[in-house]
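Below you'll find the structure, written out as structure tokens, and then a few comments.
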Amino acid sequence: MPNVGQRPGKRVFIETYGCQMNLADSELMGGVLSTRGYTAAPNHDEADVILINTCAVRERAEERVFGRLSHLLRYKNERPEVILGVTGCMAERLREVITERAPYVDLVIGPDAYRRLPELLEQCQEVDADPVIDVKLDRAETYTGLTPERRPGISGWVTVQRGCDKFCTFCIVPFVRGRERGVSPEEILTQCRDMAARGYKEVTLLGQTVNSYKHEDTDFADLLEEVVKVEGIERVRFTSPYPTDFTPKLIATMAKHDKICNYLHLPLQSGSDRTLEEMKRLYTSGEFFKLVDDIRAAIPDIAMSTDIIVGFPGETEEDYEETVAALERIRFDFAYLFKYSERDGTYASRKLPDTLDEKTKGRRLASLIERQEAISAEIFQNRIGTTVRVMVEGESRRDAADLCGRSDDFKMTVFPKPEGRELMPGDFVNVRITDATSHTLLGEIVEG
Ligand code: SAH
């Protein structure tokens, strides 16, 4: 290691990989640091501290971070005084490997160490210090009292639950994020009110199994009842619910409130009962279908998406066909489809050998994507002629003459800027749909 001397700078750049909870955690780190005089750097070049907030869910996510770290070595060579930190789930899981493969990293900290970030950065400033490591998990840490540093915007996240207790056999999350705990309703409402006061119109409540939320006597439906009362917040979303914790009370609460969006991301993982059991998902495909039917009966126009893993250990052609059949039956509006990735330490990695060859996994994934794309295209096409309510996000990336935003049911919608009327992010408009791709609705503003 070069002798880096004093490193007094206080501009921080945070790069985020992975899920929305990581994006929210990055805002939390920004908040912790801002109370100690740090400011956000506009880019890497102007940063004194670069933090890479990481994901461990699949091997590919981790390989991308290692690739990124070797790229950042250039920064360290050019400006050795820059502090480079790796934070989050992959830091929790691979602390030693990171310091071996990227010995120039100054800081490695897990998801429960963010409160200590300023002190840990100070430790990094010691001359010739070894990498500072803090990967202690903390059953009680909910980051209560810390205000995340949110950029000015219209749509943001509030973490309502940390950790996970489900221990699906494929999943690393409980190992890297620790035990499940709910944030207090008071804290959540404070954050929602704070966002509303700053012009936010939409909040997404986050948790690994968000609907198993519990804090003293408050369950997730109770929490939603309180969040919809926050004045100024026009839309409430949440992700990701766990199927067996989806209560009739929660369905009724969603149906009752217009502010709760008609969109649900409900991870299925597999359509095979044998695979679901091996995954320890706690439901059968039939129970999942029944839940979907109950939700659709209560909220007829609800859109749904899901997560599927193909190539789980021992997945036969029949198991796979059952997953295809489940997608055909349910007809999700879209789906995130993943190839199984073995994660060290999980039950599946210890007990269920990953025997399927890459070619079979690849073929199954490709044909599932193709099938889902066709379903999505049909669903999006069917929206032609309907009118959707859109919250304007801003100019379309493709064409500055167009605006874009999401419909209540989470479909990206693109439409020409109206003449003689300036629309701002956060404004709501009705858009009549005239065309569609498998991922986007196209239309024009109508009055109303
Ligand atoms: N608790 C969250 C899961 C977070 S991980 C939830 O239930 O939504 C997001 C998705 O990644 C999971 O739903 C699953 O489909 C996928 N995933 C998790 N572990 C995986 C693994 N080992 N290999 C492939 N995909 C995985």
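Atoms within each ligand, like the ligands themselves, are counted from 1 in listed order.
Counting heavy atoms closer than 4.0 Å to ligand 1, residue Val57 contributes atoms from both its backbone and its side chain. Counting heavy atoms under 4.0 Å from ligand 1, residue Gln208 touches it through both backbone and side chain. At a 4.0 Å heavy-atom cut-off, ligand 1 touches Ser341 through backbone and side chain alike.
A donor-acceptor pair is defined here as one N or O able to donate and one able to accept, closer than 3.5 Å; such a pair exists between the side chain of Gln372 and the backbone of Phe332. Between the side chain of Thr386 and the backbone N or O of Arg383, at least one donor-acceptor pair lies under 3.5 Å.
Nearest protein heavy-atom contact of atom 19 (N) of ligand 1 is Phe170 CD1, 3.3 Å. The shortest contact between atom 16 (C) of ligand 1 and any protein heavy atom is with Arg58 NH1, 3.2 Å.
Each of the atoms 10 (C), 11 (O), 15 (O), 16 (C), 25 (N) of ligand 1 lies under 4.0 Å from some heavy atom of Phe338. Per-residue contacts place Tyr340 under 4.0 angstrom from the following atoms of ligand 1 (heavy atoms of the residue considered): 23 (N), 24 (C). Close approach of ligand 1 to Arg343 is summarised as follows: ligand atoms under 4.0 Å from at least one heavy atom of the residue are 22 (N). Near Ser240, meaning under 4.0 Å from any of its heavy atoms, are these atoms of ligand 1: 6 (C), 8 (O). Residue-ligand proximity, Gln269 to ligand 1, at heavy-atom distances under 4.0 Å covers atoms 12 (C), 13 (O), 14 (C), 15 (O). Near Lys339, meaning under 4.0 Å from one of its heavy atoms, ligand 1 places the atoms 23 (N), 24 (C).
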Show, in sequence, the C-alpha distance, side-chain angles and deciding distance for Lys361 and Glu315, and conclude whether the side chain to side chain contact (heavy atoms under 4.5 Å, CB included) test is met. CA-CA 9 Å; Lys361 282 190 202 172; Glu315 183 186 75; over 6 Å; no
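When all heavy atoms of Tyr114 and Tyr143 are compared, the pair lying nearest together is N-OH, 3.1 Å.
No close placement of the His265 and Phe410 rings is indicated, their centers lying 6.0 Å or farther apart.
When the heavy atoms of Asp307, Asp354, Ile172 are ranked by distance to atom 9 (C) of ligand 1, first place goes to Asp307.
Relative to the ring axis of Phe167, Lys280 does not place its NZ or CZ within 45° and under 6.0 Å from the centre.
Close N/O approach between Arg281 and ligand 1 is not found [any backbone or side-chain N/O within under 3.5 Å].
Residue pairs satisfying the salt bridge (charged side-chain N to carboxylate O under 4.0 Å, His left out) criterion with at least one member in residues 17-34, sequence neighbours excluded, are listed as follows: Asp25-Arg162, Asp25-Arg177, Glu27-Arg150. Sorted by first and then second residue, the ring-ring contact (aromatic ring centres under 6.0 Å, His included) pairs with a member in residues 176-210 form an empty list; sequence neighbours excluded.
In this structure the side chain of Ser305 reaches within 4.5 angstrom of the side chain of Tyr263, judged on heavy atoms.
Using 4.0 Å as the threshold, Pro267 has a heavy atom nearer than that to some atom of ligand 1.
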